[in-house]
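Read the structure below first, then the notes.
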4 protein chains.
Amino acid sequence: MPRPSRWDDVVAAAARVFSQKGFGGASLEDVANEVGMLKGSLYNYITSKEDLLFAVVRPDAEELLSHARQLHAKDLPASEKLRQIALVHIEIIDRHLPYVSVYVQEIAGRGISQEWTDMDREYMSLVEQVFVEGVGAGDFDSALDTKMAARSLIGALNWMTRWYEPGDPAQARAKAAQLSDIFLSGALARRKG
Amino acid sequence: MPRPSRWDDVVAAAARVFSQKGFGGASLEDVANEVGMLKGSLYNYITSKEDLLFAVVRPDAEELLSHARQLHAKDLPASEKLRQIALVHIEIIDRHLPYVSVYVQEIAGRGISQEWTDMDREYMSLVEQVFVEGVGAGDFDSALDTKMAARSLIGALNWMTRWYEPGDPAQARAKAAQLSDIFLSGALARRKG
Amino acid sequence: MPRPSRWDDVVAAAARVFSQKGFGGASLEDVANEVGMLKGSLYNYITSKEDLLFAVVRPDAEELLSHARQLHAKDLPASEKLRQIALVHIEIIDRHLPYVSVYVQEIAGRGISQEWTDMDREYMSLVEQVFVEGVGAGDFDSALDTKMAARSLIGALNWMTRWYEPGDPAQARAKAAQLSDIFLSGALARRKG
Amino acid sequence: MPRPSRWDDVVAAAARVFSQKGFGGASLEDVANEVGMLKGSLYNYITSKEDLLFAVVRPDAEELLSHARQLHAKDLPASEKLRQIALVHIEIIDRHLPYVSVYVQEIAGRGISQEWTDMDREYMSLVEQVFVEGVGAGDFDSALDTKMAARSLIGALNWMTRWYEPGDPAQARAKAAQLSDIFLSGALARRKG
DNA sequence: GATGAATGAGCTTTCATTCAT
DNA sequence: AATGAATGAAAGCTCATTCAT
């Protein structure tokens with residue numbers, strides 16, 4: 001049985017190192033040390049440093065996007081869709097924090113290339129449509145600025161990469177519920193009717 | 001004048017360059033070109049590249065913090081304080097986007113040094129106390145997770161550095177109002193009592 | 001082989017260059033040219049320029065010291081020990097002039113660090129004890145200032161790095177004998193008894 | 001009354017700085033700091049860094065040489081001349097240690113230029129002639145290698161710049177006497193005749 | 001696949017020197 | 001005489017990348 005390739009190790013190490021030192025601040029030697037090989041050996045797996053960045057970042061970005069697409073196609077109330085968006089987003093952070101951190105830090109909204117700009121935009125647009133649907137259905141406040149709402153939700157979610165301590169799915173679900181509550185109901189106490 | 005004459009030019013150029021290319025990705029030669037001097041000449045103003053980073057970032061960080069401290073001392077309803085927090089934060093982004101971008105990208109929540117960790121924490125804590133006060137006064141929902149609320153608000157605000165187009169104070173005020181509305185009332189339509 | 005293959009070349013080149021231009025006056029590019037590689041490549045062998053200085057200088061310094069220690073433990077008349085000290089010192093100069101030159105020029109008596117200060121002091125002390133033993137045994141003049149004698153001998157030996165032309169072991173032995181004669185008998189003609 | 005020029009301050013500061021950090025290791029800014037002016041201002045006094053080196057070093061070198069010339073012309077026994085050589089050399093070290101240190105470290109035997117090589121050589125030659133005269137007069141041992149003797153004496157004297165603590169003329173005279181005794185009579189106890 | 005070594009470009013930083021004020 | 005600022009060359013060092021073994 002041939003020894004399994006260490007591709008996954010390499011990418012995981014890169015995720016950790018890039019998320020800690022930043023892509024620009026990390027050297028391939030740092031990454032190599034983290035895997036336990038020499039920097040030259042990395043080139044058996046990658047063709048450039050940027051290559052490695054994309055390898056770190058792509059799978060989760062695609063998963064998140066594909067989830068949002070599927071959700072969009074479903075027939076659910078907007079409030080439920082919003083809860084799902086937050087839940088999936090935070091679950092991915094919980095499971096793959098270093099990878100997502102790198103995405104948020106180095107790619108999101110940075111205009112790196114057309115491909116990534118398109119992904120960003122599509123995710124944003126899918127989130128915004130949740131709010132649009134909600135307003136359309138009369139569930140959401142008609143005065144709501146849907147774009148601002150979407151950007152704020154995504155900002156709050158992405159910011160979690162700076163403070164969330166991963167590894168606890170229950171906590172992930174709790175945070176998702178809290179965040180959804182805030183975006184749905186706000187902080188103000190509801191008057192009893 | 002305590003500072004050499006082109007100090008402000010140097011810092012402004014650095015803010016622009018750092019915010020565009022990232023601190024790690026920008027070279028001092030980039031900064032020097034932006035000011036119109038040679039990279040060696042920069043060292044008449046700074047003692048290291050990191051120095052320059054802090055110089056870019058410190059004034060606005062301090063202004064934001066000092067504002068939050070003053071607000072905390074005031075006797076205002078929590079909802080009003082929340083509106084003020086958002087307004088001042090966004091106004092600074094509107095006026096000083098490159099500087100704030102650099103702060104958000106390179107410093108906030110990065111654990112660079114004790115000094116900056118302390119600043120981060122204090123701002124977070126002051127924002128959280130607005131929510132705590134609101135819950136205490138019965139204005140805010142008693143089920144609200146105040147920490148999550150504070151972190152989400154700050155995340156949404158900081159994320160604005162990735163998309164906000166500055167230079168329009170009226171727009172700044174509008175965005176502040178929208179964001180406050182979301183965090184106070186949520187997206188859901190209010191039932192008529 | 002524990003060291004990369006051209007380690008010795010690198011150190012030898014550094015010794016030559018440092019001894020010619022001085023440590024401060026020599027650039028790593030000079031050293032690299034002397035080995036026949038690019039300056040960046042040097043960092044496969046060293047971690048800093050200072051590092052290289054110590055690598056140049058340490059082996060002979062340690063050899064000299066270890067020799068003096070062994071000699072100190074032996075049961076020989078002081079005059080014979082003095083002859084041995086001079087002989088070994090000059091033989092090392094003959095074989096390794098550039099290395100020793102660098103030591104003398106850049107390290108000896110310069111208080112670079114505790115480590116080197118200690119080495120200097122120990123060597124000095126071992127040489128002085130030869131004179132102390134000689135005085136104690138009645139072989140040396142009781143009025144002799146042993147510290148001054150040791151310092152003068154070491155000074156005369158170290159000064160040889162400025163004029164000695166190496167590569168001739170017989171000459172080395174001759175110089176050692178002459179120097180020993182001077183320090184033992186002085187210049188004055190002996191009265192016939 | 002116009003404020004006296006600070007030329008002497010500048011040279012004295014340079015002597016201190018160069019002797020501490022070495023000529024190559026010291027920057028003109030170091031020197032300027034030591035005088036209490038800005039580095040640019042130094043150029044009101046000097047025309048180049050090397051210039052300053054020579055200014056530090058020349059007066060004492062010339063004094064020493066001129067003294068040796070005068071002594072050479074005198075009609076004195078060789079042993080007395082040797083004592084005078086040592087005495088004057090050490091007195092200058094006592095009074096002007098930093099200046100002499102710089103000479104010994106940076107100029108002596110370095111082949112900087114014809115001028116300095118000539119000075120070195122002449123001083124060496126004058127000292128050697130003392131030994132030659134002593135041998136010729138039958139006062140010194142006929143087997144003495146006069147060149148080796150001169151070089152050793154000068155080496156011992158110059159080496160004092162690495163350990164001598166200046167500022168005590170009496171101590172200077174004592175060291176001169178001890179060193180002369182060693183070079184004249186050697187360490188061996190004299191047999192009573 | 002991995003290694004050790006080299007490359008070469010680029011980086012931050014230093015510094016002697018110049019010059020208008 | 002002194003200053004503050006700029007210059008430009010060179011320094012030490014880093015690093016993505018290549019390649020023979």
Side-chain angles (χ1 to χ4, degrees), chain A residues 2-7 10 23-32 35-52, chain B residues 1 3-7 9-10 24-32 35-52, chain C residues 1 3-7 9-10 24-32 35-52, chain D residues 2-7 9-10 24-32 35-52:
Chain A
R3 188 148 64 90
S5 150
R6 295 167 68 191
W7 168 254
V10 167
F23 177 72
S27 75
L28 285 182
E29 194 161 18
D30 294 333
V31 176
V35 211
M37 57 174 66
L38 296 181
K39 63 179 169 175
S41 311
L42 283 177
Y43 284 82
N44 290 317
Y45 299 90
I46 65 174
T47 63
S48 76
K49 194 189 179 191
E50 221 187 18
D51 215 54
L52 185 50
Chain B
M1 266 175 299
R3 290 286 196 184
S5 49
R6 290 165 72 189
W7 169 254
D9 293 355
V10 167
S27 76
L28 286 181
E29 195 159 17
D30 295 334
V31 177
V35 210
M37 57 173 70
L38 295 178
K39 62 182 167 170
S41 310
L42 284 177
Y43 284 81
N44 287 319
Y45 300 90
I46 65 174
T47 61
S48 75
K49 195 189 179 191
E50 221 188 19
D51 212 54
L52 185 51
Chain C
M1 265 176 298
R3 291 285 196 182
S5 49
R6 289 166 74 190
W7 169 254
D9 294 355
V10 168
S27 77
L28 285 182
E29 196 161 17
D30 294 334
V31 176
V35 211
M37 57 174 67
L38 296 177
K39 63 180 171 175
S41 310
L42 283 179
Y43 284 82
N44 288 320
Y45 300 90
I46 65 175
T47 59
S48 75
K49 195 190 178 191
E50 222 188 18
D51 214 52
L52 186 51
Chain D
R3 188 148 61 91
S5 149
R6 293 169 68 190
W7 168 253
D9 292 355
V10 167
S27 75
L28 285 182
E29 195 161 18
D30 294 332
V31 175
V35 211
M37 56 174 69
L38 296 182
K39 62 179 170 177
S41 311
L42 283 178
Y43 284 81
N44 290 316
Y45 300 90
I46 65 174
T47 63
S48 77
K49 196 190 179 191
E50 223 188 16
D51 216 53
L52 185 51

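This is a predicted model, so every value here is computed, not measured. All chains are named by letter (A, B, ...) in the order of the sequence lines, taking the proteins before the strands, and each is independently numbered beginning at 1.
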Original post:
Can you give the dot-bracket line for DNA chain E, where a pair is Watson-Crick or G-U wobble with both atom distances under 3.5 Å, crossing pairs use [ ], and | marks a partner on another strand?
Top reply: .||||||||||||||||||||
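Taking atom CG of residue B:Leu38 and atom C1' of nucleotide F:dA10, one finds them 14 Å apart after rounding to whole Å. As rounded to whole Å, 12 Å separates atom P of F:dA1 from atom CG of D:Asp9. The distance between atom OH of A:Tyr45 and atom C1' of E:dA2, rounded to the nearest whole Å, is 8 Å. Nucleotide E:dG1 holds its P atom 12 Å from the CH2 atom of A:Trp7, rounded to whole Å. Rounded to whole Å, the distance from CG on B:Leu42 to C1' on E:dT14 is 14 Å. Per the geometry, CG belonging to A:Leu52 stands 15 Å off C1' belonging to F:dC15, to the nearest Å. To the nearest angstrom, C1' of E:dG1 lies 5 Å from CG of A:Asn44.
Closest of all the heavy-atom pairs between D:Arg6 and D:Val35 is NH2-O, 3.0 Å. Between B:Val31 and B:Val10 the shortest heavy-atom distance is CG1-O, 4.3 Å. What you find for A:Leu38 and A:Ala32 is that their closest heavy atoms are C-CB, 3.6 Å.
Using a 4.0 Å cut-off, no side-chain N or O of B:Arg6 falls inside it from OP1 or OP2 of F:dG4.
Taking the nucleotide of DNA chain F with the nearest heavy atom to each of B:Met37 and C:Asp30, the more 5' of the two is matched to B:Met37.
Applying the side-chain contact (heavy atoms from CB on, under 4.5 Å) rule to A:Asp51 yields the partners A:Ile46, A:Thr47, A:Ser48; only residues at least two apart in sequence or on another chain are considered.
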**OP:** Treat primed atoms plus P, OP1 and OP2 as sugar-phosphate and everything else as base, then score nucleotides 16-21 of chain E 5' to 3': B for base contact with protein heavy atoms under 4.0 Å, S for sugar-phosphate contact only, - for none.
**Re:** BBB---
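Taking OH of C:Tyr45 as the start and OG of C:Ser41 as the end, the distance is 8.0 Å to the nearest 0.5 Å. From C:Lys49, atom NZ reaches atom CG of C:Leu28 across 6.0 Å, with rounding to the nearest 0.5 Å.
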